[in-house]
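Side-chain atoms are counted along with the backbone in the values below, which use heavy atoms only and exclude waters and symmetry mates. Just so it is clear, the structure is predicted and the values come from calculations on it, not from any experiment.
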Amino acid sequence: MAVLNNSEVKLFLLIGIPGLDYAHVWISIPICLMYLFAIVGNFIILFIIKTEPSLHEPMYYFLAMLAVSDMGLSLSSLPTVLRIFLFNAMGISPSACFAQEFFIHGFTVMESSVLLIMSLDHFLAIHNPLRYNSILTNRRVAKMGLILAIRSIILVLPFPFTLSRLIYCKNLLSHSYCLHQDIMKLACSDNKINFIYGFFVALCTMLDLALIGVSYVLILKIVLCFASLTERLKALNTCVSHICAVLIFYVPIITLAAIHRFAKRKNPLVTVLIADMFLLVPPLMNPIVYCVKTRQIREKVLGKLLNICMR
């Protein structure tokens, strides 16, 4: 890692895939396709939910929020990733880097919050189906969405300001995009505040995961009380797509956080691949999972495609 005088740190340097620099142009092809499918897939989910009155229900509004979070994650990392793999442009100014990490962490916190609300939505639908629509009105769902957005902004807003106060004497980052925990390690001044606050935000995300776990324990307890095996399987089947979304989102993020916080000797290739999975896989896979597992979404998407093909 390059060590520089404080006054010389004008640019941070991002990296592609270590050891495969010569193949970046070829690697950019599948990466571009993944970004394209992720953005188009989530846009289709949003379009279908907006244009189909039968999908104007809390469950699908929460799915729309998830799609917005996924699109935000994709668009936040897209500029630097494509610059690196297509044009071998590694440099990024500190201010642009701080802005990018703000949006990446903001949409990450938002997606975590949406997954939590969706688990509570499943719990309410199974625990008290008769009062479900009276409890989760459209007005309340809109308020919940607004609260999630405000929570995400408030939690990550200090990141750019705490990073900008640091003095940097190193400039080589570990990923194709900017992350808070990665940037603060380049500082040669005291970054204790950054470490503590970053750990607090990570704990908030882990609290979401813990509450999701609690909600599913309660769901399982309710489902096991059902007399019919068919009813049990039907109730659990409604949760499969959400469980997949939770695993797709949290497994890479927990692994990446553990590597950054605790690993003394990191394999650069493994770290980069996990980091790329964290931003590429959830936005790509969530629309696929929900189209496959949610009959209403699948039928509407197939119906729209058939109408377009028959014109």
Side-chain angles (χ1 to χ4, degrees), residues 1-18 21 24 28 31 35 69 71-111 149 152-202 204-205 252-253 256-257 259-261 263 266 268-269 271-280:
M1 180 180 291
V3 180
L4 309 170
N5 294 329
N6 295 344
S7 59
E8 294 179 358
V9 183
K10 305 296 184 184
L11 290 175
F12 291 134
L13 296 179
L14 301 164
I15 64 171
I17 298 180
D21 304 58
H24 275 179
S28 69
I31 289 178
Y35 271 114
S69 302
M71 286 187 70
L73 275 177
S74 296
L75 294 173
S76 298
S77 61
L78 180 66
T80 54
V81 173
L82 292 190
R83 283 179 68 237
I84 290 170
F85 286 99
L86 287 176
F87 308 110
N88 203 36
M90 307 291 186
I92 183 172
S93 67
S95 57
C97 195
F98 300 157
Q100 185 183 49
E101 64 85 30
F102 168 78
F103 284 107
I104 288 175
H105 287 292
F107 283 113
T108 300
V109 172
M110 184 174 176
E111 180 146 350
S152 304
I153 293 171
I154 290 176
L155 272 178
V156 302
L157 189 60
F159 278 170
F161 298 104
T162 56
L163 289 172
S164 62
R165 55 175 277 280
L166 298 176
I167 298 172
Y168 298 94
C169 50
K170 292 175 284 189
N171 70 339
L172 184 60
L173 294 164
S174 306
H175 306 299
S176 306
Y177 49 85
C178 299
L179 292 176
H180 175 262
Q181 60 267 35
D182 200 20
I183 300 170
M184 71 178 187
K185 290 183 178 180
L186 302 183
C188 47
S189 57
D190 184 15
N191 63 1
K192 187 179 294 183
I193 293 176
N194 300 75
F195 180 85
I196 293 172
Y197 190 73
F199 187 67
F200 167 73
V201 174
C204 291
T205 306
I253 198 173
L256 184 63
I259 289 174
H260 274 290
R261 301 286 178 185
K266 296 183 290 186
L269 179 59
T271 304
V272 167
L273 290 177
I274 293 173
D276 290 342
M277 284 176 59
F278 156 57
L279 282 190
L280 284 172

Arg165 versus Thr162, closest heavy-atom pair with distance:
CG-O, 2.8 Å

Is Asn191 reaching over with its side chain to a backbone N or O of Met184, donor-acceptor style, under 3.5 angstrom?
yes

Return the CG to CG distance between Leu11 and Leu172, rounded to the nearest 0.5 Å.
12.5 Å

List in chain and number order the residues that pass side chain to side chain contact (heavy atoms under 4.5 Å, CB included) with Asp276, two or more places apart in sequence or in another chain; answer none if no residue qualifies.
Ser176, Tyr177, Val272, Leu280

Test applied, side-chain contact (heavy atoms from CB on, under 4.5 Å); reference residue, Glu111; option that passes from Thr205, Ile253, Leu73
Leu73

Is it true that a side-chain atom of His180 and a backbone atom of His105 form a donor plus acceptor pair closer than 3.5 Å?
no

Do other residues, nucleotides or ligands put more than 12 heavy atoms under 6.0 Å from the CG atom of Leu157?
yes

Reported NE2-to-CD1 distance for the pair His175 and Ile84, which is rounded to 0.5 angstrom:
11.5 Å

Can you sort out the partners of Phe12 under ring-ring contact (aromatic ring centres under 6.0 Å, His included), two or more places apart, ordered by chain and number?
Tyr168

Side chain to side chain contact (heavy atoms under 4.5 Å, CB included) filter on Ala96, not counting sequence neighbours, yields Ile92, Ser93

So, using side chain to side chain contact (heavy atoms under 4.5 Å, CB included) as the criterion, who are the partners of Arg83 when residues are at least two apart?
Ala89

Backbone N or O of Leu173 within a donor-acceptor pair of the Asp182 side chain at under 3.5 Å?
no

Closest contact, heavy atoms only, Gly91 versus Leu13:
CA-CD2, 4.1 Å

Minimum heavy-atom separation for Glu101 to Cys178, with atom names?
CB-O, 3.3 Å

Provide the full list of side chain to side chain donor-acceptor pair (under 3.5 Å) pairs with a residue in residues 71-82, sequence neighbours left out, each pair given once.
Tyr35-Ser77, Thr80-Gln100

Distance from Phe161 atom CZ to Phe102 atom CZ, nearest 0.5 Å?
8.5 Å

What closest approach, in Å, do Ile167 and Ser189 show between heavy atoms, and which atom pair accounts for it?
N-OG, 2.9 Å

With rounding to the nearest 0.5 Å, note down the distance linking OG in Ser164 to CZ in Phe159.
13.0 Å

What residues form a ring-ring contact (aromatic ring centres under 6.0 Å, His included) with Phe200, not counting sequence neighbours?
Tyr197

Roughly how far, to the nearest 0.5 Å, is the CZ atom of Phe87 from the NE2 atom of His24?
14.0 Å

Min side-chain heavy-atom separation Met90-Ile15 under 4.5 Å:
no

For Cys188 and Cys169 the tightest heavy-atom approach is CB-SG, 2.6 Å

Rounded at 0.5 Å granularity, tell me how far OG1 in Thr108 sits from CG in Leu279.
6.5 Å

Grab the two heavy atoms, one from Ile274 and one from Pro252, that are nearest each other, plus how far apart they are.
CG2-O, 3.7 Å

